[in-house]
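One-based numbering along the sequence shown. Everything numeric here is computed off the predicted structure, so don't read it as measured data.
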Amino acid sequence: QVQLVESGGGLVQAGGSLRLSCAASGLTFSSYTMGWFRQAPGKEREFVAAINKTRGITNKPDSVKGRFTISRKNAKNTVYLQMNSLEAEDTAVYYCAAGVLTTRSSDVTYWGQGTPVTVSS
């Protein structure tokens, strides 16, 4: 059974940083493109970033470029999202994804349960 367990979310002031982690089990982690999506209240789930098995990174939306960095440690079956210079608009539930085929949420194979991030202004 595939499990993706996110951690690291919470409440932070605008301008602050958070590092999200996603520990994966039940799959051959190194073979999967991993990613992060987010969903703000009342909005659709949107792509944030993805990293493939050779650590190639899919372009992130302009809204997070230069602020968010995705990385992975295959030896730990873990993917990370470093978020800097956080803004109130980054407030959302952040979801870990495995098997990210495109930037569309419908093209993801596995999902985590999500971790909430709240940025206070």
Side-chain angles (χ1 to χ4, degrees):
Q1 182 179 357
V2 175
Q3 284 193 315
L4 303 176
V5 180
E6 301 101 332
S7 61
L11 175 64
V12 64
Q13 288 188 333
S17 299
L18 283 175
R19 188 195 196 200
L20 306 183
S21 299
C22 171
S25 60
L27 76 170
T28 306
F29 180 81
S30 60
S31 298
Y32 279 78
T33 293
M34 301 297 296
W36 292 94
F37 288 69
R38 67 185 182 184
Q39 188 166 16
K43 295 188 176 181
E44 293 186 352
R45 194 169 297 189
E46 67 168 348
F47 172 79
V48 174
I51 183 167
N52 65 21
K53 59 183 179 180
T54 58
R55 294 179 173 79
I57 294 174
T58 300
N59 287 334
K60 297 164 283 187
D62 288 342
S63 59
V64 305
K65 280 183 179 178
R67 301 189 297 122
F68 291 10
T69 302
I70 189 171
S71 62
R72 66 190 296 162
K73 286 188 177 180
N74 289 341
K76 293 190 174 183
N77 284 6
T78 301
V79 62
Y80 305 95
L81 185 67
Q82 178 68 43
M83 305 186 294
N84 299 327
S85 302
L86 283 161
E87 304 168 353
E89 292 73 21
D90 296 317
T91 294
V93 177
Y94 284 71
Y95 294 91
C96 179
V100 180
L101 303 180
T102 73
T103 59
R104 296 186 300 181
S105 60
S106 58
D107 291 334
V108 170
T109 305
Y110 301 108
W111 290 104
Q113 292 299 307
T115 185
V117 171
T118 302
V119 184
S120 62
S121 57

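Asp90 has its side chain within reach of Arg67: a pair of non-hydrogen atoms, C-beta onward, lies under 4.5 Å apart.
Both Val2 and Trp36 are part of a single hydrophobic cluster, where members link through side-chain heavy atoms under 4.5 Å apart. Both Leu81 and Leu18 are members of a single hydrophobic cluster when ILVMFWY side chains are connected at heavy-atom separations under 4.5 Å. Linking Ile, Leu, Val, Met, Phe, Trp and Tyr whenever their side-chain heavy atoms come within less than 4.5 Å puts Leu20 and Leu86 in one cluster.
Between Trp111 and Tyr95, the ring planes are perpendicular. Angles over 60° get that label, and only those under 30° would be called parallel.
Between the side chain of Gln3 and the backbone N or O of Gly26, no donor-acceptor pair lies under 3.5 Å.
Closest approach of Val79 and Cys96 over heavy atoms only: CG1-SG, 3.9 Å. Between Cys22 and Leu4, the shortest heavy-atom contact is SG-CB, 3.9 Å.
Evaluated for a side-chain contact (heavy atoms from CB on, under 4.5 Å) with Arg38, the options Thr91, Val117, Val93, Val64 yield exactly one hit, Val64.
Arg72 forms no cation-pi arrangement with Tyr32, by the criterion of a distance under 6.0 Å to the ring centre and an angle within 45° of the ring axis.
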Audit row: Ser120, Gln13, side chain to side chain contact (heavy atoms under 4.5 Å, CB included) steps and yes/no: CA-CA 5 Å; Ser120 62; Gln13 288 188 333; 3.7 Å; yes
Steps toward side chain to side chain contact (heavy atoms under 4.5 Å, CB included) verdict (Phe29, Lys76): CA-CA 9 Å; Phe29 180 81; Lys76 293 190 174 183; over 6 Å; no
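Dense packing is recorded around CD of Gln82, with more than 12 heavy atoms of other residues, nucleotides or ligands lying under 6.0 Å away.
Rounded to the nearest 0.5 Å, atoms OG1 (Thr33) and CD1 (Ile51) are 9.0 Å apart.
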